[in-house]
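Both ligands and their constituent atoms are indexed starting at 1 by order of listing. What you are looking at is a predicted structure, and each value in this text was computed from that prediction instead of being measured.
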Amino acid sequence: MDKRCCIILAAGDGKRMNSANPKVLMTVLFEPMLGWVLDSVRNAGIKDENVGVITGSSAIQVAEYLESKGQYRTFLQEERKGTGHAVMQAEKMLREFSDDGGDVLVLCGDAPFMDAGTINAAYELHKSRDSDVTVITANVDPAGNYGRVKRDKNTNLLSAIVEMKDCTPDELKITEVNSGAYWFKSERLIWALPQLRDNNKSGEFYLTDTVELLVKSASTYMANDSIIVLGANDRRQLRKLNDMMTEMINNRHYVAGVDIIGHNVIIGKDVKIARDTLLMPNTIIRGQTEIGSGCVIGPNTQISDCKIGDNVTLNSVQAFDAVIHDNVKAGPFVHIRPGTTLHKNVKIGDFVEIKNSEIGEGTALAHLTYIGDSDVGKNVNFGCGTVTANYDGLEKHRTIIGDNAFIGCNTNLIAPVEVGDNATTAAGSTIAKNVPAGALAIERGQLNVKEDWYKNKLRLNKDKAD
Ligand code: UD1
Ligand code: CA
C-alpha cells in the first residue's frame, strides 16, 4: 500500500477576488490554482485517489472541477473554523493512512507554485529524521502576513509557528515563514488535532498549533525558492502570479531551445515545444498543444489543444483542437476550427476558415475560403472565394473532393456533394451535383453582351440635358 496521502485545503471563498468562482478555481495561465497544486501532487508520485480536497465555499463547483481532473476525494467543511478544523474533516482518510507509519502531506489549494521537487525533498528529510511534522518554510523579507517560524534560542530547533496577527514586535521581524505546506505522520496528526484550541486573535483552530504539540519531533525544510509560498488574494496579486508563471514557463522553453522574441507570448503549463521553434509577439499557446521543431508561430496567434509538426508557419492564426502536419504554412487571418487535419505542405492564405475537415497533402487554399465538414484530397487548388455550403439549416453534410481537383474562384459546393479526382469546377459555379473524375463542371447563366452601351448612355444623357 502507498503510505502517502495528501490533504489540500480549499474551503476558502476569497471574497477579495470579487468573483462568482471560488478562489481556488481562479486561474493562473488558464489553469485553476487548485489544478497546479493537484498536478504537483501527482508529479510527486501521490495517487489521485489518495488526495482529499477540503471544500466549503462553492463546494459543488470545486467538486465538478475535480471530477474533470481525476479520481479525487472531497471532504466538506461546512463551517470555516480554521486550517486545523479543515484538516479534521479528512479524519477518515487520515485513519486509513495511520497504520504502518503512513504520512500525510497538507497543502494550500491556492499556492500554485508549490512543486513536486520541493514536496519530495521535504518528504525525504521527514523520513530520514523520522519526524512527526516537517514544515516547508521559505525566506520572505518582508514576511508580510505569513506565519513566522519560531526557533528555540539555544538549540535553534523549530519551536512554534506564530501567526502574524498573534506576533510580538520581535517575532514580526522573523523572515523565515510557514509556506502552509507540511508533512505529518498521520497517526501523530490524528493525536494532535483534537487538542487544538481557538483562543487566538482570529478565533480559529490553527493547523500551525500542531507544531507546538509535536515539538519534540518537529523539523523544517527550507524551500530553495521562496516563490513556493506565493498565493493571491485579489485580482492584482493574481495578475502578478500570472506574470511570474509566464516568465518561469518561458524560461523553461528557452532552456529547451525555443526562441521567444518580443512580448506577450503566453504558454500554458502542459504545452510542449521542440527546439529551434520561434515564437513571435502576441501569441497564446494553451491546452495540450504540442509543437515540433523549426516552426515560426505568431505574431498574433492563438493555439489551443493542437498537434503541430515540424517547420510549420502560423502567422495570425487561430487554431483549436486541430492536427497540423509538417511544412504547413497558414496565415494571415486564418481560423482553424476543431476536428481539422492539415496534411503536409498544405498552404493556407488570408481569410480562410476550415472546420472539421481533412485537407490532403500539398493542397492550397490561398484566399477568402470557407471549408467545413469536408474531405479534400492531395494537391487540390482552391480559387479565391470558395465556399462549402455544409449546413442546410437542419443537418451538416460532407463535401468530398478528390486529388488534383481544381476548384474555380467563387465556387459554391452544396453538400452533400463530391468532386472527383482531377475534376475542375468553373469560376462562379454553384455545384449541387456530383462531378465525375476528370470532368469540368460549369454552372453559369448565359453571358449577355450589349454592344455600344456606353455610347447609348451618353446620348441619352445629352438628350435629357437639351
Ligand atoms: C496560513 C497559515 C500561515 C501560512 C500561510 C501560508 C494557519 C493558521 N496559517 O495562513 O502560517 O504562512 O497559510 O499561505 O494555517 N482554509 C480552509 N478552511 C478554513 C480555513 C482555511 O479550507 O477553515 C484554506 C484556505 O482556503 C486556504 C488555506 O486553507 O487555501 C490557508 O488558509 P488562509 O486563511 O489563507 O490561511 P493564512 O491566513 O494565509
Ligand atoms: Ca492565505
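- Side chain of Asp310 to backbone of Asp326: no donor-acceptor contact under 3.5 angstrom is found.
- Judged by distance alone, the side chains of Asp48 and Gln71 never bring a donor and an acceptor atom under 3.5 Å apart.
- Every atom of ligand 1 with a heavy atom of Gly12 under 4.0 Å away is listed here by number and element: 26 (O).
- Ligand 1 lies out of reach of Val177, whose nearest heavy atom is not under 4.0 Å from it.
- For the pair Leu342/Ile354, a side-chain contact is recorded, criterion being any heavy-atom separation below 4.5 Å from C-beta on.
- Interface of Ala86 with ligand 1, defined as ligand atoms under 4.0 Å from a residue heavy atom, comprises 17 (C), 18 (N), 22 (O).
- Side-chain atoms of Thr289 come within 3.5 Å of backbone N or O of Cys306 as a donor-acceptor pair.
- Of the candidates Thr83, Asn233, Ile7, Asn178, the one placing a heavy atom closest to atom 12 (O) of ligand 1 is Asn178.
- Contact atoms of ligand 1 toward Lys81: 23 (O) (distance under 4.0 Å to a heavy atom of the residue).
- Counting only N and O atoms by type, the side chains of Thr220 and Arg151 include a donor and acceptor under 3.5 Å apart.
- In terms of polar-atom proximity, defined here as any N/O pair under 3.5 Å, Ile161 makes no such contact with ligand 1.
- The closest approach between Asp110 and ligand 1 falls below 4.0 Å for a heavy atom of the residue.
- Side-chain contact of Gln77 with Gln89: a donor-acceptor pair under 3.5 Å is absent, judged by distance alone.
- Taking each of Ala138, Gly231, Ser179 in turn, the one with a heavy atom nearest to atom 6 (C) of ligand 1 proves to be Ser179.
- By the criterion of a heavy-atom distance under 4.0 Å, the backbone of Ala10, and not its side chain, is placed next to ligand 1.
- Atoms of ligand 1 found under 4.0 Å from any heavy atom of Gly82, numbered from 1 in the order shown, are 19 (C), 20 (C), 23 (O).
- Side-chain polar atoms of Asp166 and Tyr206 form a donor-acceptor pair below 3.5 angstrom.
- In this structure, Asp115 and Thr118 have side chains that are in contact, with non-hydrogen atoms separated by less than 4.5 Å.
- Residue contact check: Gly147 has heavy atoms under 4.0 Å from atoms 3 (C), 4 (C), 11 (O), 12 (O) of ligand 1.
- The shell of residues lying under 4.0 angstrom from ligand 1, judged by heavy atoms, excludes His85.
- Considering backbone and side-chain N/O atoms, Gln77 comes within less than 3.5 Å of an N/O atom of ligand 1.
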